[in-house]
Structures are given as structure tokens and as C-alpha cells.
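Each remark here refers to the structure printed beneath this line.
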There are 2 protein chains.
Amino acid sequence: MAKLDLFKFVPFRLNRLGAEVSAALSSEYRARYGLDIPEWRVMATLGFRNEACSAQYIAQCTRTHKSTISRAVTSLLEHELIERVENTEDRREFRLALTRKGHALYEELIPRLLRREQEILSCLTAQERKEFARLLGKIEDSLDLVQASRPMSEVEAY
Amino acid sequence: MAKLDLFKFVPFRLNRLGAEVSAALSSEYRARYGLDIPEWRVMATLGFRNEACSAQYIAQCTRTHKSTISRAVTSLLEHELIERVENTEDRREFRLALTRKGHALYEELIPRLLRREQEILSCLTAQERKEFARLLGKIEDSLDLVQASRPMSEVEAY
DNA sequence: TTTAGATAGTTGCAAGTGAGACTATCTCGC
DNA sequence: GCGAGATAGTCTCACTTGCAACTATCTAAA
């Protein structure tokens with residue numbers, strides 16, 4: 001008689017925890033700045049890199065569908081948080097970058113989010129936090145989930 | 001100049017990992033048995049407990065919205081994987097339980113899912129797996145995310 | 001007993017999202 | 001230089017899901 005306790009089943013737990021943590025964080029940028037998750041991901045990617053990126057690149061990095069990124073980009077353009085310039089070398093794509101206004105928002109938001117992350121992890125000791133991050137990394141690696149912080153030119157496959 | 005590397009940001013990583021792992025697993029019950037995630041959660045809850053449960057209880061346990069559970073229950077009833085009987089003590093609610101057919105599916109599915117979970121965690125040593133589960137538990141606790149395996153009568157609040 | 005408020009479950013509605021078609025553009029082999 | 005296939009980005013469609021309203025029922029207090 002096989003049994004599976006949902007509460008000991010890691011996939012379920014990861015899914016629940018991911019959703020819960022995500023919801024906790026998104027209140028920070030949704031209520032306060034009107035950003036949704038895809039928009040925040042675009043902002044985060046552009047803010048972290050200094051070079052302008054294509055939408056495709058952001059989609060790959062964040063593992064978000066290109067149509068979702070496209071919509072987020074449209075919205076951010078309307079709110080003048082990002083700007084885009086045509087890439088003269090490849091006129092299919094656009095280069096995206098934060099505007100001054102977008103940068104200001106980013107600078108204001110980041111410390112808040114890092115604080116929230118610390119709150120969530122405050123139940124762990126420094127040692128445990130480190131270990132948790134390491135184990136998370138191993139799992140990500142094995143799922144080939146790390147598009148990580150590589151320069152744009154090196155990212156090709158999804 | 002504040003910076004936030006999305007790939008080192010735990011909330012993002014948890015969200016991504018949760019989605020990815022969930023997608024990997026759901027192929028197991030979607031493609032093979034036509035179940036979606038809410039349906040699978042209902043099946044898992046009913047299969048794990050031996051007593052019949054109310055929809056409300058399942059919603060609380062799995063932290064899934066009651067309307068989502070309601071739709072899943074309707075679908076499972078149509079497929080004759082579960083059955084429901086009126087609760088004569090409280091005629092607002094129904095008691096749900098797996099049918100024989102539902103049990104058979106459950107019995108067939110569980111080993112597959114446990115195998116998948118092991119595959120996903122196979123990148124960790126036994127010791128690391130244990131530690132990962134422990135740390136996950138600490139975070140869940142601090143987020144008050146454990147409705148865990150308590151008998152129905154003890155679950156009251158969401 | 002009556003009534004106000006809580007609770008179980010269902011359903012209509014609106015928002016978000018992935019799949020995939022589509023356009024424009026690029027690349028590579030001939 | 002040309003045509004086939006790849007790629008960037010947009011858009012429509014269908015599906016999923018959360019919210020909130022609604023019905024039916026229960027509980028507790030006056």
C-alpha cells in the first residue's frame with residue numbers, strides 16, 4: 001500500500017514555498033510601485049547588468065515566456081521606466097535599458113527586497129543560509145536551471 | 001549603487017525551482033492520467049488520509065483556493081475517481097473519498113512520483129537531502145506554512 | 001424562536017499567461 | 001545574390017485561476 005505524504009513531498013513543498021515567498025515579495029513591488037512579477041523581472045535584469053539587453057535575452061535569463069516579457073516591456077515603456085533603441089546591427093531586435101526614472105525606482109526597490117529576503121531567511125543561521133543556498137544551487141545545476149550571470153553573447157540555448 | 005543578482009536572490013530561485021519541479025512532475029500525471037495539479041492534490045490528500053475529507057479541508061491542507069478545489073472535485077467526480085456523500089451532521093458539506101478506480105490510479109501513480117522526486121534529488125547525497133528537507137522545514141515553519149498532517153478536526157484556520 | 005453572522009460549496013467574471021501563428025529580419029549554403 | 005531555415009518580437013486565442021457574489025446551511029445570542 002503505497003503512500004505519499006504531500007507535506008513530505010519535496011516537489012509539492014518547493015512549489016508551495018515558491019508561490020508563498022513570491023507572493024510575499026510581490027506585495028512589495030506591486031502595491032508600492034505597480035509592478036507585476038514579469039515587469040519586476042525585466043527591471044531586475046536590466047538593473048543588474050549595465051549593458052542594454054534584448055527582450056529575448058531577458059526571457060532566457062529569467063526563464064519567462066517571450067510573450068510575457070513582451071507584454072511587460074510594453075507596459076514598462078508606457079510608464080517610462082525603460083527605453084528601447086533599435087539595434088542597427090540586427091534590426092529584428094531592440095536594446096532595452098532603464099531610464100533615469102527606472103533607475104531611481106530600481107535603487108529604491110532593491111534594498112527593500114533584500115531586506116525582505118533576509119526576513120524570510122532569518123529563521124536560519126548564517127551557516128544554514130549558506131548551506132541552503134549551496135544545496136539549492138546543486139539542484140538547479142542538475143536541472144540545468146542556471147542561465148546565471150553570463151554575458152549576453154554566451155547565452156544561446158534555452 | 002545597490003545591486004541584486006536575480007540568480008543569487010533566494011525568492012526568485014525558489015519560485016523558479018518550484019515551477020520547474022512542478023512542471024517536471026505534472027507531466028507524469030497530466031500526460032499519463034489526464035490529471036491537472038489541483039486534481040492531483042485532491043487525489044493525494046484523499047489517498048493519504050483514510051478518512052473521507054471535505055473540500056474545505058483539502059483546500060486548507062494544500063493551500064489551494066476553494067474554487068479551484070471545487071472545480072477539481074467536479075472533474076474527478078465526472079471521471080469517477082472520487083465519490084462524495086452528504087454529511088448528515090452538517091448538510092453544507094460533503095465527504096469526499098477515492099473510488100476503487102481512484103484508489104487504483106493512486107496506487108499506480110505514487111511510485112512513479114516518488115521515483116521522480118528521487119531523480120530530482122539524486123544530485124544530493126543522503127546527508128544533503130536530509131539537511132535540505134530540514135532547512136526547508138524551518139523556512140516553512142517560520143512562514144507558518146505547515147498545515148501538515150494533522151487530523152481534520154484540528155485544522156481550523158487558513 | 002428569531003435573527004445575525006459564520007461557513008461550505010458553486011459559479012460568473014476578469015486578469016494573467018503559454019502556445020503558436022505571424023511579420024520582419026538575419027544567416028548560411030549554394 | 002538567392003532561397004531555405006532560423007530568430008526577435010507581437011498578437012490572438014484558449015485555458016487557468018483568484019476573487020467575490022450567491023445559495024444553502026449551521027451556530028449562537030437575544
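A quick note: this is a predicted structure, and the numbers were derived from the prediction, not measured. Every chain is numbered from 1 and lettered A, B, ... according to where its sequence line falls, protein lines coming before strand lines.
One can place CG of B:Asp36 at 12 Å from P of D:dG18, the figure rounded to the nearest angstrom. Following rounding to the nearest Å, B:Glu86 (CD) and C:dG9 (C1') show an atom-to-atom distance of 12 Å. The separation between B:Arg84 atom CZ and C:dA8 atom P is 15 Å, rounded to whole Å. Distance CD (B:Gln60) to C1' (C:dG9): 13 Å, rounded to an integer number of Å. Rounded to whole Å, atom P of C:dT7 lies 19 Å from atom CD1 of B:Ile69. One can place CZ of B:Arg30 at 13 Å from P of C:dG18, the figure rounded to the nearest angstrom. Here the P atom of nucleotide C:dT23 and the CZ atom of A:Phe94 are 17 Å apart, to the nearest Å. Across the protein-nucleic acid pair, A:Ile82 atom CD1 and D:dG9 atom C1' stand 13 Å apart, rounded to whole Å.
Residues forming a side chain to side chain donor-acceptor pair (under 3.5 Å) with A:Glu128 (at least two apart in sequence, or on another chain): B:Arg134, B:Lys138. With sequence neighbours excluded, the residues satisfying side chain to side chain donor-acceptor pair (under 3.5 Å) with B:Glu108 are B:Tyr33. For B:Arg32, the side chain to side chain contact (heavy atoms under 4.5 Å, CB included) partners two or more places apart in sequence, or in a different chain, are B:Glu28, B:Arg112. Scored by the side chain to side chain donor-acceptor pair (under 3.5 Å) test, B:Arg115 finds no partners at all (sequence neighbours excluded). Among residues two or more places apart in sequence or in another chain, the side chain to side chain contact (heavy atoms under 4.5 Å, CB included) test is passed with B:Glu86 by B:Arg91, B:Phe94. Residues satisfying the side chain to side chain contact (heavy atoms under 4.5 Å, CB included) criterion with B:Ser67, sequence neighbours excluded, are B:His65, B:Arg71. Every residue two or more places apart in sequence or in another chain that forms a ring-ring contact (aromatic ring centres under 6.0 Å, His included) with A:Tyr29 is listed here: A:Trp40. A search for side chain to side chain contact (heavy atoms under 4.5 Å, CB included) contacts involving A:Glu83 returns A:Thr99, not counting sequence neighbours.
Direction change of the helix axis from one end of the helix from C:dT1-D:dA30 to C:dC30-D:dG1 to the other is 20°, with five pairs defining each end axis (rounded to 10°).
Of all the residues in residues 72-81 of chain A, not one reaches under 4.0 Å from DNA chain D with any non-hydrogen atom.
The phosphate of C:dT17 has neither OP1 nor OP2 within less than 4.0 Å of any side-chain N or O from A:Arg63.
Side chain of B:Arg129 to backbone of B:Leu121: a donor-acceptor contact under 3.5 angstrom is found. A donor-acceptor pair under 3.5 Å is absent between the side-chain atoms of A:Ser22 and the main chain of A:Ala19, judged by distance alone. B:Arg13 contributes a side-chain N or O that, together with a main-chain N or O of A:Ala133, makes up a donor-acceptor pair within less than 3.5 Å. Using modelled atom types, one side-chain atom of A:Lys3 and one backbone atom of B:Phe48 make a donor-acceptor pair closer than 3.5 Å.
Screening A:Glu51, A:Glu93, A:Arg49 for a side chain to side chain donor-acceptor pair (under 3.5 Å) with A:Tyr57, the sole residue that qualifies is A:Arg49.
Out of C:dT11, C:dG9, D:dG9, the shortest distance to the side chain of A:Ser54 is found at D:dG9. With D:dC19, D:dG9, C:dA19 as the candidates, the nucleotide lying closest to the side chain of A:Gln56 is D:dG9. Distances from the side chain of A:Thr68 to the nucleotides C:dA8, D:dA8, C:dT17 place C:dT17 closest.
Residue side chain B:Arg71 does not reach the base of C:dG9 through any donor-acceptor N/O pair under 3.5 Å, judged by distance alone.
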Listing time: all N or O pairs from protein to nucleotides 24-26 of chain D that are below 3.5 Å?
| unit_1 | atom_1 | unit_2 | atom_2 | d |
| --- | --- | --- | --- | --- |
| D:dT25 | OP1 | B:Arg91 | NH2 | 3.4 |
| D:dC26 | OP1 | B:Arg91 | N | 2.9 |

Check nucleotides 20-22 of chain D for protein N or O atoms closer than 3.5 Å to its own N or O atoms and list the pairs.
none

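For the residue pair A:Leu14 and B:Phe132, the shortest heavy atom distance occurs at CD2-CZ, 4.1 Å.
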